[in-house]
Amino acid sequence: QVLLVESGGGLVQAGGSLRLSCAASKRTIVTYAMGWFRQAPGKEREFVSAINWSGDNTQYADSVKGRFTISRDNAKNTLWLQMNSLKPEDTAVYYCAVERRAGWRTPISQDDYAYWGQGTQVTVSS
């Protein structure tokens with residue numbers, strides 16, 4: 001079992017920035033891809049970004065490309081999501097997740113992720 005704890009959410013004005021962090025409880029996650037997903041009120045949870053285990057391949061949803069940057073530090077068991085130029089439509093609960101199987105993939109489907117954090121609220125005011 002892997003425990004994931006997100007932090008860094010909050011209230012920010014449109015155009016502002018936030019940096020989300022996700023701390024993992026186990027060193028074994030270093031060989032797994034990790035991702036960020038979000039769920040807005042009344043909507044289904046959606047993919048935001050993912051990074052492979054080595055950090056040299058990343059994926060982004062079209063809605064966040066050029067504004068968000070995902071990164072990881074395997075020595076610290078930590079995943080980050082730098083969010084710039086935030087928009088009101090970015091308002092959601094953001095979740096980090098660990099891939100179901102170790103490998104070289106950078107999956108974007110929720111079905112490929114087995115462990116999830118409790119989420120952190122991001123609210124962007126207009």
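The chain is numbered in sequence order, starting from 1.
The two residues Q121 and A92 make their nearest non-hydrogen contact at NE2-O, 3.5 Å. Closest non-hydrogen pair, A14 versus S126, comes out as CB-CA, 4.4 Å. When all heavy atoms of G103 and W53 are compared, the closest pair comes out as O-CD1, 3.1 Å. Taking both residues in full, the closest heavy atoms of Y113 and A50 are given as OH-CB, 3.4 Å, listed atom of the first, atom of the second, then distance. The two residues Y32 and V98 have their closest heavy-atom pair at CB-CG1, 3.8 Å. Here the closest heavy-atom approach between residue A24 and residue L4 is recorded as CB-CD2, 3.6 Å.
Listed by first then second residue, pairs satisfying ring pair (Phe, Tyr, Trp, His ring centres under 6.0 Å) with a partner in residues 69-100 number zero, not counting sequence neighbours.
Heavy-atom contacts from other residues, nucleotides or ligands closer than 6.0 Å to CZ of R100 number more than 12.
Looking only at distances, a side-chain donor or acceptor of E6 sits under 3.5 Å from a matching main-chain atom of G119. N52 contributes a side-chain N or O that, together with a main-chain N or O of G55, makes up a donor-acceptor pair within less than 3.5 Å.
A distance of 10.5 Å separates CG in D112 from CZ in F47, rounded to the nearest 0.5 Å. Annotation: the span from T31 atom OG1 to E99 atom CD amounts to 9.0 Å, rounded to 0.5 Å. Between atom NZ of residue K65 and atom CD of residue Q59 there is a gap of 7.5 Å, rounded to the nearest 0.5 Å. Note: E44 CD to Q39 CD = 8.0 Å, rounded to the nearest 0.5 Å. Annotation: the span from N84 atom CG to R19 atom CZ amounts to 11.0 Å, rounded to 0.5 Å. Here C96 contributes atom SG and Q118 contributes atom CD; the two are 7.5 Å apart, rounded to the nearest 0.5 Å.
Transitive grouping of hydrophobic side chains (ILVMFWY, heavy atoms separated by less than 4.5 Å) brings F68 and M34 into a common cluster. Under the 4.5 Å side-chain heavy-atom criterion for Ile, Leu, Val, Met, Phe, Trp and Tyr, W116 and V93 are members of the same hydrophobic cluster. Cluster membership for V64 and L81, using ILVMFWY side-chain heavy atoms within less than 4.5 angstrom, is shared. Side-chain heavy atoms closer than 4.5 Å link hydrophobic residues (I, L, V, M, F, W, Y) into clusters, and following such links, even through other members, never connects L79 to F37. Residues L20 and V124 are members of one and the same hydrophobic cluster, defined by side-chain heavy-atom contacts under 4.5 angstrom among Ile, Leu, Val, Met, Phe, Trp and Tyr.
At a threshold of 4.5 Å between non-hydrogen side-chain atoms, the residues Y60 and T69 count as touching. Side-chain contact between S21 and K76 is absent, with no heavy atoms from C-beta onward closer than 4.5 Å. Residues R67 and M83 form no side-chain contact, since every pair of their non-hydrogen atoms from C-beta on lies 4.5 Å or further apart.
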